[in-house]
There are 2 protein chains.
Amino acid sequence: MIGYRELRLKLTPQRIAILDYLKDNIEHPSADDIYKAVSLKYPTMSFATVYNTLEALRKKGGVTELTIDATKKRFDPNTKPHHHLICIECRRIVDIDVTYDLTLSGEKKSGFDIVGNHIEFYGICPECKDHHHNPKKEN
Amino acid sequence: MIGYRELRLKLTPQRIAILDYLKDNIEHPSADDIYKAVSLKYPTMSFATVYNTLEALRKKGGVTELTIDATKKRFDPNTKPHHHLICIECRRIVDIDVTYDLTLSGEKKSGFDIVGNHIEFYGICPECKDHHHNPKKEN
DNA sequence: CTGGCTGCAAATCTTTTGCATCCTG
DNA sequence: CAGGATGCAAAAGATTTGCAGCCAG
């Protein structure tokens with residue numbers, strides 16, 4: 001994730017706690033995950049502050065909103081272009097650092113100006129395969 | 001979309017209305033879109049029935065849930081494998097029928113059994129480019 | 001100092017659920 | 001006729017908002 005300085009945000013203790021939690025975090029946490037974790041240090045932390053901070057971060061390019069999960073947003077502090085591998089059983093999300101050539105021919109663009117892409121790979125993770133851990137969603 | 005018979009669902013007038021609305025629909029409507037449209041014909045239609053029917057359809061493979069939109073699920077009656085092109089301004093979603101070779105090398109799979117993939121292309125649609133129509137979400 | 005940030009609570013939006021009644025197969 | 005479907009309303013979650021008071025720059 002981008003460092004504190006480059007973000008040019010007013011740095012409050014709450015924001016620093018959120019930034020510290022997100023730094024090097026590869027769990028793709030939800031707002032609630034962040035709220036729970038940071039509340040341990042700041043019991044007065046509110047959702048408003050979590051969402052405000054995430055939105056401020058997003059606007060500065062410090063975090064990406066993932067729409068991978070149907071029930072809630074997840075947030076990714078890794079803002080380098082990359083893809084994701086999602087366990088369809090437990091919803092765990094793993095980063096995929098592979099580059100693919102995904103050009104769209106002119107006729108397939110429907111007149112859009114293309115600005116990016118994102119691949120979701122679906123699968124079953126080793127834990128769910130072996131022991132049927134955390135079956136959070138049936139299919 | 002799959003025909004009525006193959007679905008093996010108990011066919012009520014409400015379900016037929018929902019199936020008719022979804023047939024050949026390429027708008028990727030939300031549950032609310034479906035509710036609003038079908039309510040015109042069945043004023044007593046309820047969200048419970050819309051969600052029940054969509055869930056029944058999904059289990060039979062008659063519809064796919066899209067998690068492309070951060071604020072709500074969208075539903076796609078086109079269940080053939082395909083990808084999507086999303087306007088980052090107005091959130092319009094267009095089908096992309098192109099096949100890509102997206103194999104993941106063993107070391108990149110993190111032990112997952114891969115079962116599928118989905119590409120989201122992001123761009124700006126012609127309408128938003130030319131006239132800044134429907135700016136539903138700022139970035 | 002002052003504009004932006006925080007925290008609380010209420011509001012909003014989407015989706016789910018309980019339950020009595022209805023109707024398809 | 002029986003089991004599944006409907007409709008209504010209430011509940012559950014996630015996210016947003018209004019606002020008074022606070023504090024980083």
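Every chain is numbered from 1, with letters handed out A, B, ... down the list of sequences.
No path of Ile, Leu, Val, Met, Phe, Trp and Tyr side chains, each step under 4.5 Å between heavy atoms, connects B/F121 with A/L66, placing them in separate hydrophobic clusters.
More than 12 heavy atoms of other shown residues, nucleotides or ligands fall within 6.0 angstrom of atom CD1 in A/I16.
In this model, the phosphate group of C/dT6 is approached by a side-chain N or O of A/T12 to a distance below 4.0 Å at OP1 or OP2. In this model, the phosphate group of C/dG7 is approached by a side-chain N or O of A/T49 to a distance below 4.0 Å at OP1 or OP2.
Counting any heavy atom pair closer than 4.0 Å across all strands shown, A/K10 reaches a base atom. Note on A/S30: nothing from the nucleic acid sits closer than 4.0 angstrom, heavy atoms only. A/A56 comes within 4.0 angstrom of nothing in the nucleic acid, heavy atoms only.
Set against C/dT6, C/dT16, C/dG7, the side chain of A/M45 has C/dG7 as its closest nucleotide.
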Steps toward side-chain contact (heavy atoms from CB on, under 4.5 Å) verdict (A/V98, A/H83) = CA-CA 7 Å; A/V98 179; A/H83 305 296; 5.5 Å; no
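Rounded to whole angstrom, the span from the CG atom of B/L9 across to the C1' atom of C/dT24 amounts to 12 Å.
For B/R74 (side chain) and B/E65 (main-chain N/O), no donor-acceptor pair under 3.5 Å exists by modelled atom type.
The outermost nucleotides of DNA chain D lying under 4.0 Å from heavy atoms of chain B, listed 5' to 3', are D/dG3 to D/dC8.
A salt bridge does not link A/R91 to A/D69: none of the charged nitrogens lies less than 4.0 Å from a carboxylate oxygen.
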